[in-house]
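The structure appears right after this line, and notes come after that.
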Number of protein chains: 2
Amino acid sequence: MVELPVVNQPVHRSGALLDHLARRMRLRAESVLAPLGLRPRHLVTLTVLRQQGGCSQQALSGTLEMDGTNVVGLLNDLERDGLIERRRSPEDRRRHVVVLTDKGARVLVKAECALAAVEDDVLGALDETQRETLYGLLQQAATGVPIVCTGDDADTEQC
Amino acid sequence: MVELPVVNQPVHRSGALLDHLARRMRLRAESVLAPLGLRPRHLVTLTVLRQQGGCSQQALSGTLEMDGTNVVGLLNDLERDGLIERRRSPEDRRRHVVVLTDKGARVLVKAECALAAVEDDVLGALDETQRETLYGLLQQAATGVPIVCTGDDADTEQC
DNA sequence: ACAAATAGCTTGCCCTACACAAACGATTAA
DNA sequence: TTAATCGTTTGTGTAGGGCAAGCTATTTGT
């Protein structure tokens with residue numbers, strides 16, 4: 001009697017794989033990002049800022065799930081390089097609204113382009129479509145939004 | 001003149017997202033795994049061992065992309081708990097063949113079950129199908145193999 | 001047979017990422 | 001006015017993890 005491939009859901013937790021791949025990626029990314037004066041976690045910060053627009057500093061510390069103290073340092077780095085700006089919130093002047101500057105957006109894109117080789121290396125087993133699917137899923141998981149197809153793709157001058 | 005949404009491939013690098021999600025996952029996983037005497041990186045190790053079977057220690061250090069010295073410590077932990085075994089390789093007795101024990105496999109499954117809540121939390125924005133797709137892509141990216149549909153799903157007694 | 005070279009283990013050193021706490025200024029809210 | 005809140009600075013502590021040296025057991029090349 002042949003066991004039918006009923007696919008008994010052998011648990012399939014993505015956590016460990018996520019961890020593993022993130023490490024491989026990060027190791028390579030470090031050296032690529034270094035010439036740009038960035039580190040992986042700066043890139044994460046910029047990425048979050050791009051996707052969710054301006055936000056209070058502790059909201060950011062919330063999404064990054066990182067201690068507020070360390071977020072300050074992170075933002076200090078980014079602000080010194082002119083990649084982000086801290087603006088006083090008009091309705092509560094205690095708060096800083098953190099926004100990505102134009103330069104920040106440009107540098108982010110540049111960094112992402114520089115990471116092409118890294119991604120080719122780590123995600124080499126996936127074809128272009130699969131990578132795009134992966135990106136979509138990660139994005140959705142990270143933001144809660146099921147991908148947004150912005151028509152205004154002003155990001156024309158890519159790499 | 002309206003710009004057509006030609007979808008100019010706005011780069012879409014997964015690195016930062018991977019990093020971000022892995023962190024969120026790891027933070028939660030730590031507390032869930034603690035009662036089992038495990039840490040995230042132990043789980044990664046066990047996962048790798050399960051998927052690629054017995055392998056030399058430095059091969060493992062290669063896949064984990066982790067310094068050999070630290071792999072030793074990692075394996076010491078796992079061996080002390082009887083989750084892995086180091087067997088002398090017959091054809092080269094300098095080498096250790098690291099294998100997952102039965103207990104190791106069981107504990108791994110148990111851990112994965114315990115992580116259900118964590119994954120529900122972090123990947124909450126993805127439905128069941130999407131999560132399975134994600135898992136498949138991560139697995140493929142990590143192993144190079146485009147998923148393997150083992151008919152012998154002996155892993156029946158899941159959670 | 002003897003001199004490398006190799007796999008693994010141990011120890012020690014160092015650096016970096018982070019969490020946590022305390023104290024402060026500015027601002028807002030009770 | 002007093003209390004609470006946002007951000008900042010300055011510690012302090014811990015853990016992850018790279019790197020090097022020195023050791024044993026074993027294999028390989030001459």
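Just so it is clear, the values below take in all heavy atoms, side chains as well, and ignore hydrogens, waters and symmetry mates. Every chain is numbered from 1, with letters handed out A, B, ... down the list of sequences.
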Starting at [atom1] of [X], measure out to [atom2] of [Y] and round the result to the nearest 0.5 Å.
X        : Y        : atom1 : atom2 : answer
A/Leu123 : B/Leu18  : CG    : CG    : 7.0 Å
B/Arg106 : B/Leu100 : CZ    : CG    : 10.5 Å
A/Arg39  : A/Glu30  : CZ    : CD    : 7.5 Å

Report the residues that fulfil side chain to side chain contact (heavy atoms under 4.5 Å, CB included) with [X], sequence neighbours left out, ordered by chain and then residue number.
X        : answer
A/Arg95  : A/Ser56, A/Ser89, A/Asp92
B/Asp120 : B/Arg131
A/Asn76  : A/Val72, A/Arg86
B/Glu85  : B/Arg87, B/Val99, B/Thr101

Next on the checklist: Show the nearest heavy-atom pair for residues B/Ala125 and A/Ala141, with the distance to one decimal.
Outcome noted: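 Of all heavy-atom pairs spanning B/Ala125 and A/Ala141, the closest is CB-CA, 4.2 Å.
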Item to check | Comparing B/Glu65 and A/Val72 on DNA chain D - which has the more 5′ nearest nucleotide | outcome: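 First, find each residue's nearest nucleotide; the 5'-ward one identifies A/Val72.
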Would you mind listing every salt bridge (charged side-chain N to carboxylate O under 4.0 Å, His left out) that reaches into [range], with sequence neighbours excluded?
range                       : result
residues 134-146 of chain B : none
residues 133-144 of chain B : none
residues 62-71 of chain A   : A/Glu65-B/Arg24, A/Glu65-B/Arg28

Checklist entry - When you measure from every atom of DNA chain C, which of residues 73-93 of chain B have a heavy atom less than 4.0 Å away? => result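 Heavy-atom cutoff 4.0 Å gives B/Asn76, B/Arg86.
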Next on the checklist: Could you tell me how far apart A/Asp67 (CG) and D/dT10 (P) are, to the nearest whole angstrom?
Outcome noted: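 About 16 Å, once rounded to whole Å.
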Next on the checklist: Rounded to whole Å, how long is the line connecting atom CG of B/Leu64 with atom P of D/dG18?
Outcome noted: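 After rounding, the gap between these two atoms is 10 Å.
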Checklist entry - How far apart are the C-alpha atoms of B/Leu126 and B/Thr133, what are their side-chain angles, what is the distance that settles it, and do they pass the side-chain contact (heavy atoms from CB on, under 4.5 Å) test? => result CA-CA 10 Å; B/Leu126 304 181; B/Thr133 308; over 6 Å; no
Restricting to nitrogen or oxygen on both sides, can you table the protein-nucleotides 12-16 of chain C pairs closer than 3.5 Å?
none

Between the protein and nucleotides 3-6 of chain C, list every N/O to N/O distance that falls short of 3.5 Å.
{"from": "C/dT6", "atom 1": "O4'", "to": "B/Arg94", "atom 2": "NH1", "distance (Å)": "3.3"}
{"from": "C/dT6", "atom 1": "O2", "to": "B/Arg94", "atom 2": "NH1", "distance (Å)": "2.9"}

Checklist entry - Who passes salt bridge (charged side-chain N to carboxylate O under 4.0 Å, His left out) against A/Arg88, sequence neighbours left out? => result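 Not a single residue meets the salt bridge (charged side-chain N to carboxylate O under 4.0 Å, His left out) criterion with A/Arg88.
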Checklist entry - Is there a residue in residues 22-34 of chain A whose heavy atoms reach under 4.0 Å of DNA chain D, and which residues are they? => result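 Per residue number, the list reads A/Arg23.
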